[in-house]
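Everything on this sheet refers to the single structure shown next.
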Amino acid sequence: MELDFGPAVRDFRDEVRDWLVDHLVGEFAEHRGVGGPTDGAAWEVRLAWDRELSAGGWLGIGWPQEYGGRGLGLLEEIVFEYEYARVNAPYRATVNALDLLGPMLLKMGSETQKKRFLPPILAVEELWGQGFSEPGAGSDLASVRTRAERDGDEWVVSGQKVWTSFGIHADWIYVLTRTDPQSGRHKGLSLLLVPTDQPGVEIRPIRNLAGQDEFAEIFLSDARTGADMVVGEVGQGWRTAMATLGIERGTTLLPQQLTFEREAEALIDLARERGALDDPMLRRRIVDAWISVRIMRTTNLRTIAELTAGRTPGAQATTAKLYASTRHQQLGQLATELAGPAGQIVGEDYDLDRRQRSFLLALAETIYGGSSEIQRNIIGEQVLGLPKEPRP
């Protein structure tokens, strides 16, 4: 996949390419493509790579210079993400803070919060986890039961959070909590920034199907944070949380889409090797898989074109996550079938090859970031204009 974003950013594109050629070497080059949203593999290597990116000024490209960014525009951000994905660089360990918390603070945080937290994020000095989902409040975030009470100059927080990506590494978590005990659903919630290195915070890893522990559950028992650690207004945490989840610059799915294209190409090579292309039914499924990744590319390009033109992305941006996650699962299933019995044999200590890891981790893609059921409701109600589902 090759894209030309025009002469306005050609010099910047060349700068990105030259830097990646010079720095994506040695151990970093050996770990091309490692990691993902639910893949904690080679964590220390990826963390070191993020520090290499930070030293080169490649984190927070669009963030204001006063907070450590480069102050560049959306088009430069897109060019960087594209070039980064094109060379299959390691998945960034600090993606939670870079893609979610940081943009949310820029949009809704106080000046004090921006100066305190944004520079350490870009310097890879502090790592963050997201405290949204709970055992009884996953896709239905309005049901959160974690509570915070004001005690002088501090908030006292108690509750449980779950499915926190890379939570075992987090120095801080941003927590959606109920600060008005008399409120219900979307009202009376606040978003708090809570340090993890304190009594009252216990983080337990959750091991996934691929044998990794990138997810965690977090127990808060009278944990404390400053009164000024509320992002946005007290009681308006739902709006802040939705702003966080709604931060979508059109580049999030680009690295994944290029990864899916590589997997589709590997699938075709495997099919040739196994003689599967002689089977018309399998050949049809393989062609269908290839078409699906081309549709993902087209969808991404449409969204990027609308963003760079200053327009609100159309319906394809709403359907992109649902389509990509379901089709990627089908791609992994087909690759596993073509691999035959060999695809079910693991290495020593449950060591998985790239195809096996991708297949297992893809099973979570229709859950995280908004389950497919929720995505279909959003599409039905907001895009197609269908009546809302009745609530009890």
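Computed from a predicted structure; not experimentally measured.
Using a 4.5 Å cut-off on side-chain heavy atoms (C-beta onward), R46 and V34 make contact. Residues L352 and L360 form a side-chain contact, since some pair of their non-hydrogen atoms from C-beta on lies under 4.5 Å apart. Using a 4.5 Å heavy-atom cutoff, the side chains of E77 and L72 are not in contact. Using a 4.5 Å heavy-atom threshold, the side chains of L189 and V144 count as touching. Side-chain contact between E265 and V293: absent, with no pair of heavy atoms (C-beta onward) separated by less than 4.5 Å. Between Q333 and F359, the closest side-chain pair of non-hydrogen atoms falls below 4.5 Å. Residues F28 and V45 are in side-chain contact: their nearest non-hydrogen atoms beyond the backbone lie under 4.5 Å apart. Proximity of V230 to L191: side-chain heavy atoms (C-beta onward) are nowhere separated by under 4.5 Å.
Checked against the 6.0 Å centroid criterion, the rings of W163 and F132 do not qualify as a close aromatic pair. Residues Y84 and W58 place their aromatic rings such that the two centres sit no closer than 6.0 Å.
Under 3.5 Å, the side chains of R178 and S183 contain a donor-acceptor pair of N or O atoms. With 3.5 Å as the limit, one finds no donor-acceptor pair spanning the side chains of Q344 and Q356. A side-chain N or O of Q257 and one of E261 form a donor-acceptor pair less than 3.5 Å apart. Between the side chains of S190 and T179, at least one donor N or O lies within less than 3.5 Å of an accepting N or O. A donor-acceptor pair shorter than 3.5 Å cannot be found between the side chains of D50 and Y91.
Between W172 and F117, the angle of the ring planes goes over 60°, which puts this pair in the perpendicular group of the 30/60° scheme.
To the nearest 0.5 Å, atom OG1 of residue T366 and atom CD1 of residue I374 are 12.5 Å apart. Note that CD1 of I378 and OG1 of T319 are 12.0 Å apart. Values are rounded to the nearest 0.5 Å. The distance from the CD atom of E337 to the CG atom of L282 is 7.5 Å, given to the nearest 0.5 Å. Between atom CG of residue L127 and atom NE2 of residue H169 there is a gap of 8.0 Å, rounded to the nearest 0.5 Å. D279 contributes atom CG, which lies 12.5 Å from atom CZ of R284 (distance to the nearest 0.5 angstrom). Once rounded to the nearest 0.5 Å, the distance linking CG of L277 with CZ of R283 reads 7.5 Å.
Put simply, the side chain of Q113 gets close to the backbone of D228: a donor and an acceptor are under 3.5 Å apart. Without hydrogens or angle criteria, T177 side chain to T146 main chain gives a donor-acceptor distance under 3.5 Å. The backbone N or O of L176 sits less than 3.5 Å from a side-chain atom of K161, completing a donor-acceptor pair. No donor-acceptor distance shorter than 3.5 angstrom exists from the side chain of T94 to the backbone of A97, with no hydrogens or angles considered. At distances below 3.5 Å, at least one donor-acceptor pair connects side-chain atoms of R150 with backbone N or O atoms of G152. R274 places a side-chain N or O within donor-acceptor distance of the main-chain N or O of L338, the cut-off being under 3.5 Å. Using a distance-only test at 3.5 Å, with no hydrogens or angles considered, no donor-acceptor pair links the side chain of S372 to the main chain of L322. Although no hydrogens or angles enter the test, the distance criterion places a donor-acceptor pair under 3.5 Å between the side chain of S158 and the main chain of D222.
Scanning both residues, R327 and M296, for their nearest heavy atoms gives CB-CE, 3.8 Å. Residues Q65 and G71 come closest through the heavy atom pair CG-N, 4.1 Å. When every heavy atom of L106 is checked against every heavy atom of P64, the shortest pair comes out as CD2-CD, 3.7 Å. Counting all heavy atoms, side chain and backbone alike, R185 lies closest to S143 at NH1-OG, 3.2 Å. In plain terms, the two heavy atoms of L122 and G69 that are nearest each other are CD1-N, 3.5 Å. Looking at every heavy atom in both residues, F215 comes nearest to S165 through CE2-OG, 3.5 Å.
Using a cut-off of 4.0 Å between Lys/Arg side-chain N and Asp/Glu carboxylate O, D269 and R272 are scored as salt-bridged. Between R116 and E111, no side-chain nitrogen of the basic residue sits less than 4.0 Å from a carboxylate oxygen of the acidic one, so the salt-bridge criterion is not met. For the pair R354 and E263, the salt-bridge criterion is not met [side-chain N within less than 4.0 Å of a carboxylate O]. Salt bridge status for R86 with E83: present, with a side-chain N to carboxylate O gap under 4.0 Å. Between K321 and E365, none of the side-chain N atoms (NZ, or NE/NH1/NH2) sits under 4.0 Å from a carboxylate O, so this pair counts as no salt bridge.
Dense packing is recorded around CG of D351, with more than 12 heavy atoms of other residues, nucleotides or ligands lying under 6.0 Å away. By the 6.0 Å contact criterion, CZ on R145 is open, its count of non-hydrogen atoms from other residues, nucleotides or ligands being 12 or less.
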Go through the steps for H328 and S358 under the test side-chain contact (heavy atoms from CB on, under 4.5 Å), then give the verdict. CA-CA 9 Å; H328 188 220; S358 176; 3.4 Å; yes
Take E15 and R10 through the test salt bridge (charged side-chain N to carboxylate O under 4.0 Å, His left out) and record every step on the way to the result. CA-CA 9 Å; E15 179 188 356; R10 199 161 289 159; over 6 Å; no
Should E306 and Q316 be marked as a side-chain contact (heavy atoms from CB on, under 4.5 Å) after you check the CA-CA gap, both sets of side-chain angles, and the distance that decides it? CA-CA 11 Å; E306 289 168 342; Q316 84 285 345; 2.9 Å; yes
side-chain contact (heavy atoms from CB on, under 4.5 Å) between T318 and Q382: does it pass, once the steps are laid out? CA-CA 9 Å; T318 308; Q382 299 183 12; 5.8 Å; no
Show your reasoning for whether side-chain contact (heavy atoms from CB on, under 4.5 Å) applies to L267 and L331. CA-CA 8 Å; L267 173 70; L331 177 64; 3.5 Å; yes
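Cluster annotation: V162 is not connected to L100 through the hydrophobic network of ILVMFWY side chains, with a link wherever side-chain heavy atoms come within less than 4.5 Å. Note on L334 and Y323: separate hydrophobic clusters, where clusters join Ile, Leu, Val, Met, Phe, Trp and Tyr whose side-chain heavy atoms are under 4.5 Å apart, directly or indirectly. Note on L98: it clusters hydrophobically with F80, by side-chain heavy-atom contacts below 4.5 Å among ILVMFWY residues. Put simply, I173 and F166 are part of two different groups of oily side chains (I, L, V, M, F, W, Y) that touch within less than 4.5 Å, one to the next. Transitive grouping of hydrophobic side chains (ILVMFWY, heavy atoms separated by less than 4.5 Å) keeps V156 and V234 in distinct clusters.
Annotation: cation-pi geometry satisfied between R204 and F219 (NZ/CZ under 6.0 angstrom from ring centroid, within 45° of ring axis). Geometrically, R224 does not engage W155 in a cation-pi contact, judged by NZ or CZ lying under 6.0 Å from the ring centre and within 45° of the ring axis.
Of the candidates E202, E134, E217, Q160 forms a side-chain hydrogen bond (donor to acceptor under 3.5 Å, both in side chains) with just one, namely E217.
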